[in-house]
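Order of listing sets the numbers, starting from 1, for every ligand and every atom in it.
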Amino acid sequence: MDKVRILDTTLRDGEQSPGFSMNIQEKLRMAKQLERLGVDIIEAGFPIASKGDFEAVKLIAESIKDSRISALARANNNDIDRAWEAIKNARYPFIHTFISTSDIHLTHQLRKSREEVFEMAISAVKRAKSYTEDIEFSAMDATRSDRDYLCQIVEAAIDAGATTVNIPDTVGYTIPSEYGDLISYIRQKVSNIDKAVISVHCHNDLGLSTANSIAAVLNGSRQVECTINGIGERAGNTSLEEVVMILYTRKDYTHLETNIKTEEIFKTSKLLTRITGVGVQPNKAIVGSNAFAHESGIHTDGLLKDKITYEIMTPESVGVKKSSIVLGKHSGRHALRDELKNRGYELTDENLNKIFDRFKELADKKKNLYEEDLETIVAEIILRAPDKYKLVNMSVISGSFAIPTATIQMEIENKQIKDVGMGDGPVDAAFKTIAKITGTKSKLLKYSVDSITGGTDAQGEVTVRLEEEGKEIVGRGAHNDIIMASVLAYINALNRLEYLKKNPVKVTYTE
Ligand code: KIV
Ligand code: ZN
């Protein structure tokens with residue numbers, strides 16, 4: 001199988017975009033992860049841009065042993081000398097020099113003739129070549145350049161020593177068939193093209209960077225320049241994870257592969273998010289949080305029967321632990337039963353149907369469903385029994401000076417019992433007093449408060465998770481006094497625990 005080389009420019013094109021700057025230590029951490037990922041060439045930065053950029057490229061060049069280290073330089077001596085200074089200690093140094101070739105850039109930005117730009121390009125490649133063997137020449141804005149001029153400059157750059165020639169879609173303007181055709185044209189017209197690798201570097205302004213890069217490799221390009229999570233100038237660059245996973249998943253069609261260790265992809269994406277504080281959208285291909293999450297009833301049903309029905313690559317192949325079935329309003333009965341089975345509840349069809357109906361009702365009302373919602377429904381439906389413990393009265397004292405104290409009156413099997421207790425806060429004092437009155441020894445595993453309505457008069461909903469004798473249960477309470485809601489939740493959980501102790505949920509799977 002033919003190999004496609006991956007040049008990652010997260011630390012250069014990615015880092016130069018707003019919101020993605022990194023300090024030197026963060027760049028080094030990222031570079032080390034890119035090396036573990038198996039990136040062939042790490043574009044570490046643009047040394048002439050600043051002292052910080054220079055130092056970062058130098059440090060990365062001296063620390064990375066497996067990947068080539070590329071330094072970017074415009075087509076002039078100062079840039080190239082500075083780039084070389086930064087990477088000269090790298091095990092595999094790589095200089096990347098560039099100049100625009102489109103008439104739009106020549107006229108409106110560089111204000112130079114085609115001949116002048118031609119000379120500058122060739123002299124830059126020669127200077128870079130005097131330092132090291134591995135040279136990339138980029139014809140910036142190639143997709144808006146005159147094709148024949150582009151071919152002439154590419155041919156001369158190869159003659160001058162470029163081992164890679166890059167055909168960037170700098171402004172994200174091209175479309176797949178056109179770009180594929182351009183690569184094919186270059187392969188036909190440039191007489192010495194077999195002496196260099198054709199690289200592509202696509203921006204995502206029209207959302208086509210991945211499609212364009214794939215069209216290029218299908219037409220003979222053998223290096224793709226990309227970034228983790230697709231970060232980069234404006235709408236970003238081609239995302240590494242997408243290109244790599246397309247080649248991996250569709251090798252039956254492309255007959256191409258990369259050196260990337262795909263299982264490191266998710267970790268690399270997460271590291272970038274942690275460093276920059278910028279995450280990807282949930283539906284981002286490959287690395288989004290929904291990329292391996294299934295909710296719709298039809299999909300989850302198929303998935304539970306055989307993963308091949310709705311999964312074209314395994315989550316493990318990109319380093320995600322496993323695909324998740326998300327329970328929500330689109331979930332089907334099959335997914336719900338599977339989830340409940342994983343939680344140890346094996347239900348009769350009748351109970352499953354009741355739980356399913358209640359679950360759908362709640363899913364229509366609430367945006368996010370948590371596991372406690374499901375457990376509450378299960379408890380309401382299968383743990384039905386008259387409450388053993390009832391709250392009659394409650395009063396708590398708390399504040400910055402008082403020792404938190406709770407006085408609680410309860411009714412247990414027709415007997416009224418009152419007691420008082422102290423704790424680390426009003427909720428703790430109340431829970432301890434209730435445990436004393438009921439003689440229960442449960443452990444509080446979770447306590448959370450949600451506001452059901454807005455404002456300071458909001459209804460608070462408290463959820464507690466208790467464990468006793470190896471049995472776990474969830475309790476809920478709602479009130480506009482948070483302490484009261486907490487006490488109601490706690491007593492609710494104690495009642496359910498009491499029922500569970502006497503009536504262990506039976507395993508009666510009926511299908
Ligand atoms: O987008 C572009 O053309 C670039 C070049 C420097 C390769 O980033
Ligand atoms: Zn770019």
Next on the checklist: If you count every heavy atom of other residues, nucleotides or ligands that lies below 6.0 Å from E178 atom CD, does the total exceed 12?
Outcome noted: yes

Checklist outcome for this item: Output field for angle at the Zn ion (ligand 2), H201.NE2 vs H203.NE2, rounded to 10°, should show 100°

Item to check | Flag if over 12 foreign heavy atoms under 6.0 Å of NZ, K65 | outcome: yes

Item to check | Distance, nearest 0.5 Å, that separates OG1 of T9 from NE2 of H201 | outcome: 6.0 Å

Checklist entry - Taking atom 5 (C) of ligand 1 as the point of reference, which of E233, R74, E225, R12 owns the nearest heavy atom? => result R12

Checklist outcome for this item: Atoms of ligand 1 under 4.0 Å from any heavy atom of M140, numbered from 1 in the order shown, are 3 (O)

Next on the checklist: Please check this pair: side chain of T170 against backbone of M140, looking for a donor-acceptor N/O pair closer than 3.5 Å.
Outcome noted: no

Item to check | Y173 atom OH: more than 12 heavy-atom contacts under 6.0 Å | outcome: no

Item to check | Over-ring placement of K251 relative to Y253, 6.0 Å and 45° cut-offs | outcome: no

Checklist entry - ligand 1 versus D13, non-hydrogen atoms closer than 4.0 Å: side chain, backbone, both, neither? => result side chain

Item to check | Residue and atom name of the nearest protein heavy atom (relative to atom 3 (O) of ligand 1), distance in Å to one decimal | outcome: T170 OG1, 2.7 Å

Next on the checklist: Show me which atoms of ligand 1 lie under 4.0 Å from any heavy atom of P168.
Outcome noted: 3 (O)

Item to check | Atom of D13 nearest the Zn ion (ligand 2) (restricted to N/O/S, atom name only) | outcome: OD2

Item to check | Under-4.0 Å salt bridge between K51 and D53 | outcome: no

Next on the checklist: I need the atoms of ligand 1 closer than 4.0 Å to a non-hydrogen atom of H203, numbered in the order shown.
Outcome noted: 1 (O)

Checklist outcome for this item: shortest atom 2 (C) of ligand 1-to-protein heavy-atom contact is with H201 NE2, 3.5 Å

